[in-house]
Amino acid sequence: MSDVILEAVNISKRYQQRRRPPIWAVRSVDLALNSGQTIAVVGESGSGKSTLGRIIAGVLPFDEGTLAISGHRLSQVDAKLSRGLRRSVQLIHQDPFAALNPAHTVGNILRFPLNAMGIKSADRVRERVQDLLSSVGLTPPNRYVNQYPYQLSGGQRQRVVLARALAVNPKVLVADEAVSMIDVSMRQNILGIMKQLQVDYGLGIVFITHDLALARNFAQRGQTIVMYAGSIIECGSTEQVIQEPLHPYTAMLRDAVPDPDPTKAMGTLVPISSETPDLTWTREGCRFAPRCPFAVTLCVSSTPSLTSYTGEHSVACHRASLGVSWAMESEKKVT
Amino acid sequence: MTTTILQVENLVVEFKVNQDRVRAVDDVSLELRAGELVGLVGESGSGKSTLAYAMMNLLPRQGRLVSGKIALATVGDISRWSEPDMSRVRGNRISMVFQATQSTFNPIRTLESQFKLLFRAHGINVQEGLIKARRLLQRTQLDPQRILTSYPHQLSGGMRQRVGIVFAMVLEPDVILLDEPTTALDVLSQRVVLDLIRDLRSQTDAAMLFITHDFSVVSNLSQRIGVMYAGKLVELAPTERLYRFPQHPYTALLTRAVPSISQKHTELVGIPGQPPHLSDLPPGCRFSPRCPYVQERCRERTPPWSKISADQGVACFRWSELGEELANV
Amino acid sequence: MIWRRVGLALVMIWMTVTATFFIVRLMPGNPATFELHVLLKRGVSYNMALQHVKTLYGINLHQSLLVQYLQYVGNALHGNFGDSILYPDIPVIHLIGKALPWTVFTVGTALLTSFLIGVSLGTVAAYRRHGWLDRLLTPLAAILNGVPNYLTGTILLFVFGVVLGWLPQNGPYSAAITPNVSLAFLISVLRHAILPIGAYVISQWGSWFLLMKSSTVSTLGTEFIVGARSYGIASSVVMREYVAPNSMLPLFTNLVLSIGFMFGGSVFVETIFSYPGIGYLFSSSVSGRDYPLMQGLFAVLTVAVIISNLVADLLYVKLDPRISLEDAA
Amino acid sequence: MKIETLWITLRKRPSYMLGAVILLGFAVMAIVGPMLYPHGIPSNPNELYAPPSWQHPLGTDYAGRGVLAQILVGSRYVLEVAALAALFTMVVGVVLGLLSGYLGGVVDVVLMRLTDFILTVPSYPLLIIIASVVSISGPVPMALLLTLNSWGGMARAIRSQVLSLKQQDYIEAARSLELGPAHIAFREILPMMMPYILMHLILAVTSAVYGEVGLFFLGIVPIQSTNWGVMLNFAYSEAGAIYSTSSVFYLMAPLAAIILLQMGAVNFTNALDEVFNPQLREG
């Protein structure tokens, strides 16, 4: 059993609004990541997956809960407390153009974190920059050192972002839709580099995506967490969650993913309404109930909690924990 | 045999970038038939959207249609039409759905007043038009009253996209161009929009061109798919054929780079290298620097368009010999 | 949320009144005490002098600072800023009341004129970018935009008043005419107003031109213009229904805001033309060290600006459906 | 490298070059001008309002002093004050804008209320009142007075720039890499704002010129030395030159100088805009 390098317990994040109830971006989320492990976090926009990612990457303060990085517990993100700790979790942004300061060359972008790490001698820095660029497949490195971000393609920029993250010897990468803005033909190359880095450095990876097929592809042997309206509604090993979803929402997400094979018809499960969830909701009841075709009275009156179903596979759904499988009902409906 | 509604022939579009001229669309031919949905797949810079804008005669200032023909069965070649003439056919003969519909509506007018403008522009009785719009909105599972009284920003992305489709369809055009209509949407909203397009397709004789960077989005929706690379159409075939038996290496690699939710897990591979810059194209076949099957001639000459059958063609020297191999990538 | 805005405006007004009090009361060489000493030196009895200062400044120097302040604020809220020194025994508020119409007339006319000129030329320049009109007017506007109105006023006065002698050099109307409702009087008033108004317009139109041009250029570049064209809406209708309203939107706030600014700017122009408005009154109060008048004018000017700011905020919410007062706060 | 890009851009259009040459010319004039007349400008009572001649290319004034000489000598005070005012405006505006935008919270609320107030109060009347109550002597107090008028706009603009830059992913990345607040402020945010600050600096110079000349023109500030504003003031009050066509050069010379300066500033700012705006550079 490998050691836990990142642990989030009961994390919540609220945004106060003037004269309106606060928006709960993340509600009581638990997450534990081992070194070398991959956890995929999936959900729609507004599900809180990106907010969670920025919290565990240490760049967004949270309101409740604790975050522990390599065993150091932080009750809130504080610049002094987390000196050096924040570096061990690196965020990979969705838009590689926005993630690089247009005023600096690739060489400088990599030099800054190396300097901050205490590597000052020009020779050492040059050497490290070359290593970093080669390890993300930007070869020959000298071709890229003096280039500005706008001179690179999206895929190349994302490689620079990865190299920059690598410069501070992180233990965890939080990849927030890291390939959704990259051309399809190069996505697998970027993902391949991430996987290689994971093997080489034992990195834990939190892979945030809205695309279930991509989550399955990347976190195949890892865990998958499904978020809805700021809470985890299902989690377990990736294959279990995607092949045998326990929550109707997970099943809908899966059914909505289009398949490259033209003979495969899309799944049948569609939500009854396209309304996005109300994030200010604090009353009792399942927050997915308004969109759920299988909601019963209980779903409206009480909030389901995340409970273990089989082994590591947990779900927050009354129908699942009551043992009355909605999946069977859906079979009936379809046939 | 169904009738051809739109014929694009040898279309060339150039853009002025600094002092250079680059060919964003290079010698593309395509025909659309009644009741058919054709997918057009390509990555950024492949020229797929430019092709659609050129077909609408909506190219930005720096763009110019250099040569070629865009023939609508009903009105003839529109490629050289003036703006006033074009405004008579846009919307009611050929219409377009955009990627970010929220920015294609006038932000300070209600949708009802925008519908009214559309009907007036085409000399259609406003009341009759609105009745039709309401009916279509209902079909998209939207509350017509609420939609019509709303301003664009008051609707969610998925709702706006559906309204955009209603806008493009309400005058019953012959051709509907859908430019990445689901790219800005969440999975569930995308699903709803795809279902809507499928539903409407079966109800209309219009030909649809569905442009996307994501092969899986159109694979289940289209009769035929065209693949573009660096301004060129590299392959065109019936969807299932294209997926099962790709003739162009790029098609094969691209369709295999997309993960599937249903299939047994396979290690996916990306395509090495970068798509070329249009201002710095390699000689010969544009895919040759990235192609695992490249030969000397590919780097020297541009492969011609080989017509395999009435609705299938490919631009690769080696298509006949590689067929077997590509099917098993 | 309207109340929040009104509340903020009231706080600003209170701050202004407070500021004017302290300028007079606490500045080095405090004019109120100075006046008292002057009177005492002249042999006026202490009580008489105190009383005199009180009517002048609304301040009783005998009382504590707090009481003085409260009295001053109370008086100011009733529009009582004491009596003028330059025009003995006339309440400041009366002087302001007499001057105000002249300034409102010239500044208002100038504002509307420069707005109309700037907006219409700006639209043309945006539509015909890099055309001869654009190439001529844009640099001209950029240079004139920053040139202060005392320069344009001086040049106008010199050229048309002195050298050519076409128009009167100063005053609100000819001294030979008694003010009454007659055509001769009206013509005289207009002839006297032309140069001051011209001075404002020449230094103002450029900023409207540049604003309108850039606003229109950015509107023309938006997707919803492409959207409108894709529905087949004719260019003239696009111009009227899409481009014009969206480009004008940001200008309206500026229009209201500049009312206040132009009142401030009237100091120079009215001084040059000896035009008996607020600005002229202000500069004569300054050169005559008429502090009560200065205070009153400053308070009135500031309140005018604050109120036009408030109106601009509220108006914008009405005009742009995307903004709600809460978002704007 | 920046200088090189500027040079390349300036050579692209004659108007850019003209702008740079004009600004440079004024700077040289301000430095050298007064040196030409170490003992003051000689007056000649026999040559009142003389037309242009070789000796006096722009004629003479009511006291028979050369107009061009006055423009040359007067430029130093005007431009010195303007440069100082622009500098003060930049320092105050950048510091307050950075504090307000970067720290947020109470600091932001207080600073922004203050800025709102300063921006609301009619600026010229405020300057005039203060100038009439406090005696202004020398360029530094004058520059400070003008700064009072202009820091608000600068602070507001810098704040909104900081707010939008703060949201950038690369700032978040820098925080995540723990590059430190000094690095973030000076290496990440400031380089992105430099073009913006520089362009506002040039505009601040011209608006300070207008402000000071206006104050002298109204005769509110004590007159110590020859400058363009004083010339304008004398044209009106002392000599009544405005009402006589023979004074055309005396009256128009300072106006022309100011408009020429504005022309130089506009053209040079356009050039800077092209240097800094990468979209223009690429497109």
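Chain naming here is simple, since letters A, B, ... match the order of the sequence lines and numbering starts at 1 in each.
- B:Leu72 has its side chain within reach of B:Val175: a pair of non-hydrogen atoms, C-beta onward, lies under 4.5 Å apart.
- Contact annotation: the side chain of B:Asp179 never approaches that of B:Lys48 to less than 4.5 Å [non-hydrogen atoms, C-beta and beyond].
- No side-chain donor from either of B:Thr212 and B:Asp214 sits under 3.5 Å from a side-chain acceptor of the other.
- Taking 4.5 Å as the heavy-atom cut-off, the residues of residues 240-248 of chain C that approach chain B are C:Glu241, C:Tyr242, C:Pro245, C:Asn246, ordered by number.
- Side chains of B:Lys69 and B:Gln7 form no contact here, defined as non-hydrogen atoms less than 4.5 Å apart.
- Under 3.5 Å, the side chains of C:Gln204 and C:Ser114 contain no donor-acceptor pair of N or O atoms.
- Residue B:Pro107 touches chain C through both its backbone and its side chain, counting heavy-atom pairs closer than 4.5 Å.
- Both the backbone and the side chain of C:Ser230 come within contact range of chain B, each with at least one heavy atom under 4.5 Å from a heavy atom of that chain.
- Checked against the 6.0 Å centroid criterion, the rings of B:Phe167 and C:Tyr231 qualify as a close aromatic pair.
- Of the charged side-chain nitrogens involved, none lies within less than 4.0 Å of a carboxylate oxygen, so that B:Arg93 and B:Glu172 do not count as a salt-bridged pair.
- Interface summary for chain C: among B:Leu171, B:Thr110, B:Leu118, the most heavy-atom pairs under 4.5 angstrom belong to B:Leu118.
- The contact between C:Val226 and chain B is made by backbone and side chain atoms together, counting heavy-atom distances below 4.5 Å.
- With respect to chain C, the highest number of heavy-atom pairs below 4.5 Å among B:Met96, B:Met86, B:Arg61, B:Arg90 belongs to B:Arg90.
- Looking at C:Leu251 and C:Phe115, their side chains come closer than 4.5 Å, going by heavy atoms from C-beta outward.
- For B:Asn57, the part lying near chain C is the backbone, with the side chain staying farther off; criterion is any non-hydrogen pair under 4.5 Å.
- When heavy atoms are compared at a cutoff of 4.5 Å, B:Met56 approaches chain C solely by way of its side chain, counted from C-beta outward.
- Between C:Arg5 and C:Asp313 there is a salt bridge, with a side-chain nitrogen of the basic residue lying less than 4.0 Å from a carboxylate oxygen of the acidic one.
- With a 4.5 Å cut-off on non-hydrogen atoms, C:Ile225 does not touch chain B at all.
- A donor-acceptor pair shorter than 3.5 Å can be found between the side chains of C:Asp134 and C:Thr138.
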